[in-house]
Q: 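Sharing a structure with you now.
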2 protein chains.
Amino acid sequence: MVTTQELDAALSTALETAGRGHRGANPLVGACILDDEGNLIATGYHLGAGHPHAEVDALRRLGKIDPAAARKLTMVVTLEPCNHTGRTGPCAAAIANAGIGSVYYAVSDNTAASGGAEYLRGRGIRTTQFEDDAAARALNHRWFLSKEQARPFITVKLAQSLDARINAPDGTSQWITSAESRNHAHGLRGRVDGILIGTNTAVIDNPRLTARTRDGQLHSMQPYRLVMGQRELPGNLALAEGEDWEQIATHDVHAVIDRANELGLGHLLIEGGATVASAFIEADLADELYCYQAPLLIGAGSSSVNLPTTTLSQAHRYRLDTASNESLARLGDDIMLHLEPLPSA
Amino acid sequence: MVTTQELDAALSTALETAGRGHRGANPLVGACILDDEGNLIATGYHLGAGHPHAEVDALRRLGKIDPAAARKLTMVVTLEPCNHTGRTGPCAAAIANAGIGSVYYAVSDNTAASGGAEYLRGRGIRTTQFEDDAAARALNHRWFLSKEQARPFITVKLAQSLDARINAPDGTSQWITSAESRNHAHGLRGRVDGILIGTNTAVIDNPRLTARTRDGQLHSMQPYRLVMGQRELPGNLALAEGEDWEQIATHDVHAVIDRANELGLGHLLIEGGATVASAFIEADLADELYCYQAPLLIGAGSSSVNLPTTTLSQAHRYRLDTASNESLARLGDDIMLHLEPLPSA
């Protein structure tokens, strides 16, 4: 018999375990499996898009178990198990097939993947929602918002000097940040469905926007490339060597989101420049920020963001994303901050 | 008999131990005491101005020992023991009085406190300089520079948003940084001999510039207050409530330094605003930076520094001061970076 205290402790563990994953098209989710004496016998988490969901990860770590033994086990998960076949199969079916006897979950799923609890109950599994889901909701507060707003989860990357400059007055900017920072940012590219830059960045920096490893190899997953803005682009852009790119001739962030939705991009990375990043920040569409800071003072040149702020109360406020796997890191000589917007009160 | 390897290991330990102190009017110094089998039996370090020097700290931690036993001991210290009575007595005399038999030191002292090695040899103590003092010299490279230039050690404090703004366009700036950051900065004030601000900051922010604890009590050590600039100051400035302040009617950082030297200020803290901080940074007079960053994007308003940079190669480059006791810290919701200029090649 598992006690209420043991269930609450398992939920706390599942929330912590969830943080080993990456935010993105899917939320952070953690799962625990308890035996009938309330002992923790397996944990699992969702690493990110294309990886097993937390429940399946926990079952895999549990290993082979016969149905009679499984019936005595309890799974505790931070989000209602999905009832949906995406890149992975539905978790509700995996739990039922494993023969787990009892499932507790925190936040109910209102997305296209909903219905897992009902499915489990229909298979005779005792399925209960925790009364207090505040911590589990807070863990993914921006992911839930992106789903409510029917749009991709949006990551904004800023790479700047200590005084938030992205170039010197004469435009020189390569390389402000360290090789380690750039490598980390390529890891970000390898986790998203799409990358967005502005037309000026496309023309001036002319990036390929591919996700590459430190030794220059392509990551297995490559993002779709979007260029936002009305400026006419030259025919010889580096990013145009691939087929999977397009220009969205707009200055309206919502038009970009509509197109990203049409393309089925669940996770969009805004790579800059300052105008494009600022437009998404000002519209409160930045669900997370990765801010790479190089330890130098340029003292002049363009700023990483420009917003129509008049007074301090209009500032956009963030917090270190301490629930996820890294919130503050040294990358070579640089510092990386991973931030999320403060939840609305 | 202590081996060369044991001596080198002791120097490494002394260098690490030195980092527990604070940079300032005195350099970071660490000391180790070894017995005649090369075992480490005590360490010491210099915490900061007004505290015992590393050698005296190590002797104190060693405790009472009779002269015959002391004769078998070896002290390893990162800087030549001083031969100078300042706020504390000369270390050379303390070592001799304790009866230590042998002293190894890394960097020789060319300042007013020099002559310790000669003093020790004169008292019959085997006194040897390490052949390689590069690491010990690097530990205090900016302190040595400040001594060569016959000027105070200079700390520049920057307190800014993530986008390096110090206010919004309408001038609102209180409070960008957290209570923990402000408390930390008061600790800095309590360690320096003098604080400098510009006339605009004096008039607009009207700070007291006292060093206070979290509960508003005054630190035991209060800095001398300097206001730099030619603007006429009103008679009712908050900092003018004490006697120990003055205006230096100049825009020349070297005139400030001359006056600080006349006043005998060994450690000067530049508190801002941006114009004053930038003048010291541009003149390569910032021996260390404390950069407090609040996790918000203001997006407009004044920048923390403004320099006459044209191209990126003119940027001022720093590194996290990982040799000292804190280089990267969370202070409430804020991040603090403690940086030092890259050593010149």
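In the text below, chain A, chain B and the rest are named by the order of the sequence lines, each starting its count at 1.
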Q: Sort out for me which of Asn306(B), Thr311(B), Leu328(B), Leu162(B) touches chain A most, counting heavy-atom pairs under 4.5 Å.
A: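 Result: the option with the highest number of such pairs is Thr311(B).
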Q: Less than 4.5 Å to any heavy atom of chain A: does that hold for the side chain of Thr322(B), its backbone, both, or neither?
A: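 The side chain, not the backbone.
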Q: Quick check on Ser278(B) against chain A: is it the side chain, the backbone, both or neither that has a heavy atom closer than 4.5 Å?
A: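 Looking at Ser278(B), nothing touches chain A.
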Q: Under 3.5 Å, is there a donor-acceptor pair linking the side chains of Glu288(A) and His22(A)?
A: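 Absent: no donor and acceptor within the cut-off.
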Q: Parallel, tilted or perpendicular for His338(A) and Tyr290(A), by the 30°/60° rule?
A: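 His338(A) and Tyr290(A): parallel rings.
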Q: Considering residues, nucleotides and ligands other than Arg208(B), do more than 12 of their heavy atoms fall under 6.0 Å from its CZ?
A: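 At most 12 heavy atoms, drawn from other residues, nucleotides or ligands, come within 6.0 Å of this atom.
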Q: Given the options Leu158(A), Asp333(A), Ile335(A), which has more heavy-atom pairs under 4.5 Å with chain B than any of the others?
A: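 Answer, by heavy-atom pair count under 4.5 Å with chain B: Ile335(A).
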Q: Is it the case that the side chain of Arg317(B) and the backbone of Leu296(A) share a donor-acceptor pair, with hydrogens and angles ignored and the cut-off at 3.5 Å?
A: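 No, Arg317(B) side chain to Leu296(A) backbone: no donor-acceptor pair under 3.5 Å.
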Q: Among Leu297(A), Asn167(A), Thr172(A), which residue forms the greatest number of heavy-atom pairs with chain B at distances under 4.5 Å?
A: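 Top option by heavy-atom pairs under 4.5 Å: Leu297(A).
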Q: Looking at Arg330(B) and Glu180(B), does any basic side-chain N land under 4.0 Å from a carboxylate oxygen?
A: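 No, this pair does not count.
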Q: Highest number of heavy-atom pairs under 4.5 Å with chain B: which of Leu337(A), Ile281(A), Leu320(A)?
A: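 Top count of heavy-atom pairs under 4.5 Å with chain B: Leu320(A).
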Q: Could you tell me whether Glu340(B) and Arg319(B) make a salt bridge, using a distance below 4.0 angstrom between a side-chain N and a carboxylate O?
A: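 Yes, this pair counts.
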Q: With a 4.5 angstrom heavy-atom cut-off, which part of Leu342(B) approaches chain A: side chain, backbone, both or neither?
A: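 Neither the backbone nor the side chain of Leu342(B) comes within 4.5 Å of chain A.
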Q: Could you look at Ile298(B) and say if it's the side chain, the backbone, both or neither that has a heavy atom under 4.5 Å from chain A?
A: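 Contact with chain A involves both backbone and side-chain atoms of Ile298(B).
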Q: Less than 4.5 Å to any heavy atom of chain A: does that hold for the side chain of Gln293(B), its backbone, both, or neither?
A: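 The side chain, not the backbone.
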Q: Among side-chain atoms of Asp252(B) and Thr250(B), is any donor-acceptor pair under 3.5 angstrom?
A: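 Result is no, nothing qualifies.
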